[in-house]
*Asks:* 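Pasting a structure below so you can have a look.
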There are 2 protein chains.
Amino acid sequence: MTLTELRYIVAVADACHFGRAAERCHVSQPSLSASIAKLEDELGIKLFERSRRGAKLTAAGEEVIAQARRALDEAARVKTVAQQGRNPLKGILRLGVIHTIAPYLLPDLVAALHRAAPEMPLDIEENTTAALDGLLKAGTLDVVVLALPYEESGILTQALYDEPFKVIVPRGHPLARRKTISADELDVADLLLLPVGHCLRDQVLDACREFTRPPPPGRQGNSLETLRSMVASGMGISVLPASALTARYANPLIKVIDFASPVPMRRVALAWRKGFARPAAVAQLAETIRRLALPVQRLSADSGRPNR
Amino acid sequence: MTLTELRYIVAVADACHFGRAAERCHVSQPSLSASIAKLEDELGIKLFERSRRGAKLTAAGEEVIAQARRALDEAARVKTVAQQGRNPLKGILRLGVIHTIAPYLLPDLVAALHRAAPEMPLDIEENTTAALDGLLKAGTLDVVVLALPYEESGILTQALYDEPFKVIVPRGHPLARRKTISADELDVADLLLLPVGHCLRDQVLDACREFTRPPPPGRQGNSLETLRSMVASGMGISVLPASALTARYANPLIKVIDFASPVPMRRVALAWRKGFARPAAVAQLAETIRRLALPVQRLSADSGRPNR
DNA sequence: TTCAATTCATAGGTACTTCCTATGAATGAC
DNA sequence: GTCATTCATAGGAAGTACCTATGAATTGAA
């Protein structure tokens, strides 16, 4: 049984005439007759009563034709559905964002993307790089925003921007009056850090050339906001990315100090599976993020896309 | 787009693997890959994300597969419906019966046929031969019970039985004491008849060798039961078929008298379109009628089936 | 009765589609 | 690097659908 055969029997049922039905189907009458004979044979019943006057549906034929119409209708909808799915900027985009970027990027990003691609809502997962990596590879996520380096097999990345780190100290701290600070001036014992597993923790320690000494207990906080509060209460100093230190987050108890050159920074990028079917959606996302007013150093559009 | 292609994409969606999907579809992996590529091309979208791990549905693919499943399901039901329609003794049989047979045949016939073919209910139309002929040719009726002669192009007939005519007279009538009457003894002026259009009227006049004289007004009745009542009230005599004169219809005011040999009779037959798809239903109907306990002369099963 | 017209079916040959086996390219594990 | 696994490509064989031409059956008119 084929869709063509179903179309033929419906045409004959409508036309009550093999010849005219063949015309409408753009085939010769013998071709149509043969196809219908084949189908009748396969189904084991006569669908039409042939006579000089033309073709008339049998009782069983009525039922079969009605069902054939339903089948053809559903088959036609496959094309419709495909048509709808054809726009890569249509349909949910499942986005992962690491903890240290999400709160400072998403509010603006969601709004901007809703303007740029109104039919592509975001389904957002906030987690660590390791967790997002797993979800991305499993296909649960389509795209991830994370910090480089990140090189995994089967994954493409595109760098978006470089984000400077800054130092925050409590108001009365000895460093509070400095205009800039160089990384090796920071006292790691005074430093408040995120827990193990956050890439930002490693990047900060890396900036301070501190790889070995484990931080004393009680000197870490579970989010950047926790760290900020801890600094405000005078527990120590910390290093945050610039996007967490815009005017919106100003705090009278905290002094923000730039790093002296070379300013340590992190490179933020998009990552997606190599075979992902909607690269245009990724491109749109990248473009939208680049156009946001973030306190970062923009990169050229083509400075990304390496693969292992 | 073909049903085969839809089956292939559903198989890949289920297996998440081209090779295993091909196995399940009993085709080689390249054949399956090519078919799917062709369909993806036709639909204009990628349904699967190919990777070393296998195949994964894209967002658009999810929708398409769901629709494809519906289409395949409806297509499969075409076969189911055909299977159900395969039994010729299943489904309504649209039966026409002439007025002068219906009331005396149908009660027993409906009961007997319900026993013989419980899945074949009758849809019954009672009318004159001319009207039933039109409905039969138009396909509104499947089979008609009527009296011969009846020869129409494209119509097959099968004789069922010969039914004798009998004379009915009112109790005090001069002929009431006769054992038998010969047809030419009947006074046509005394005869009560059905209106023009009923074949029985012509058959009775034919039996009396009376072709020309129009019956006086007020000497006809619209049904056999009306005629019977008219005779009972002494308005005249009439000729009825034997099936209308069984014990069930006995009336103390009426005397029933057999014809002397040669007894005039009518031959009752089935008629159906030559191409009618359920000849077995017709055969079953004929057989059922023949087995009824009617006051008729049965014919052999194969004494019918002439055409034009 | 014969003839012409109309219907659907059959015959024979061609073109296209599907399918197979063999092979290739990309990737990742060891 | 080597091997195993994935899906894609190539080339050729088999099957299917299609076409034109013709036939058979029927019917209405000459």
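Order of the sequence lines fixes the chain letters, A, B, ..., with proteins taken first and strands second; residue numbering starts at 1 for each chain. All values reported here derive from a predicted model rather than from experimental measurement.
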*Asks:* Charged N to carboxylate O under 4.0 angstrom, K90(B) versus E63(A)?
*Replies:*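 A salt bridge is absent here (no side-chain N lies under 4.0 Å from a carboxylate O).
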*Asks:* In this structure, how many angstroms lie between the C1' atom of dA25(D) and the CG atom of L156(B), rounded?
*Replies:* 14 Å
*Asks:* Is it true that R290(A) and E287(A) make a salt bridge, defined as a side-chain N closer than 4.0 Å to a carboxylate O?
*Replies:*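 A salt bridge links R290(A) with E287(A).
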*Asks:* Can you tell me the distance, in whole Å, between the CD1 atom of I36(A) and the P atom of dA9(C)?
*Replies:*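 So the CD1-P distance, I36(A) to dA9(C), works out to 8 Å.
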*Asks:* May I ask you to list the residues of residues 5-30 of chain B, by number, that have any heavy atom positioned under 4.0 Å from an atom of DNA chain D?
*Replies:*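 Per residue number, the list reads H17(B), F18(B), G19(B), Q29(B), P30(B).
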*Asks:* Say you draw a straight line from CG of L32(A) to NE2 of H26(A); how long is it, rounded to the nearest 0.5 Å?
*Replies:* 12.5 Å
*Asks:* Looking at CD of E42(B) and CD of E40(B), how far apart are the two atoms once the value is rounded to the nearest 0.5 Å?
*Replies:* 11.5 Å
*Asks:* Could you tell me the separation between the CD atom of Q158(A) and the CD1 atom of I289(A), rounded to the nearest 0.5 Å?
*Replies:* 9.5 Å
*Asks:* Determine, for R69(A) against D73(A), whether the closest basic-nitrogen to carboxylate-oxygen distance falls under 4.0 angstrom.
*Replies:* no
*Asks:* In whole angstroms, how far is the P atom of dT18(C) from the CE atom of M1(B)?
*Replies:* 13 Å
*Asks:* In whole angstrom, give the distance that lies between atom CD of E42(A) and atom P of dT16(D).
*Replies:* 12 Å
*Asks:* Using whole Å, what does the distance between atom P of nucleotide dT18(C) and atom CG of L3(A) come to?
*Replies:*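 Rounded to whole Å, this separation is 12 Å.
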*Asks:* Report the distance from atom CG of L32(B) to atom P of dT18(C), rounded to the nearest whole Å.
*Replies:* 13 Å
*Asks:* For dC20(C) and S31(B) - does any side-chain N or O of the residue sit under 4.0 Å from the phosphate oxygens OP1/OP2?
*Replies:*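 Checking dC20(C) against S31(B), a side-chain N or O does come within under 4.0 Å of OP1 or OP2.
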*Asks:* Hey, is the side chain of S35(A) poking within less than 4.0 Å of OP1 or OP2 on dC18(D), counting only N and O atoms?
*Replies:*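 It does, given that an N or O in the side chain of S35(A) lies less than 4.0 Å from OP1 or OP2 of dC18(D).
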*Asks:* Take the protein atom CZ of F48(A) and the nucleotide atom P of dA9(C), then report the distance between them rounded to whole Å.
*Replies:* 10 Å
*Asks:* Establish, with yes or no, whether the OP1 or OP2 oxygen of dA9(C) is under 4.0 angstrom from a side-chain nitrogen or oxygen of R50(A).
*Replies:*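 The answer is yes; a side-chain N or O of R50(A) sits under 4.0 Å from OP1 or OP2.
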*Asks:* Tell me which of S51(A) and A37(A) sits closer to the 5' end of DNA chain C, going by the nucleotide each one is nearest to.
*Replies:* S51(A)
*Asks:* Shortest non-hydrogen contact from F48(B) to I9(B)?
*Replies:* CZ-O, 3.4 Å
*Asks:* Describe the nucleic acid contact of A34(B) in one word from base, sugar-phosphate, nothing, applying a heavy-atom distance below 4.0 Å.
*Replies:*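 If one applies the 4.0 Å heavy-atom cut-off, A34(B) turns out to touch nothing in the nucleic acid.
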*Asks:* Could you state the atom-to-atom distance from CD of E40(A) to C1' of dA9(C) in whole Å?
*Replies:* 12 Å
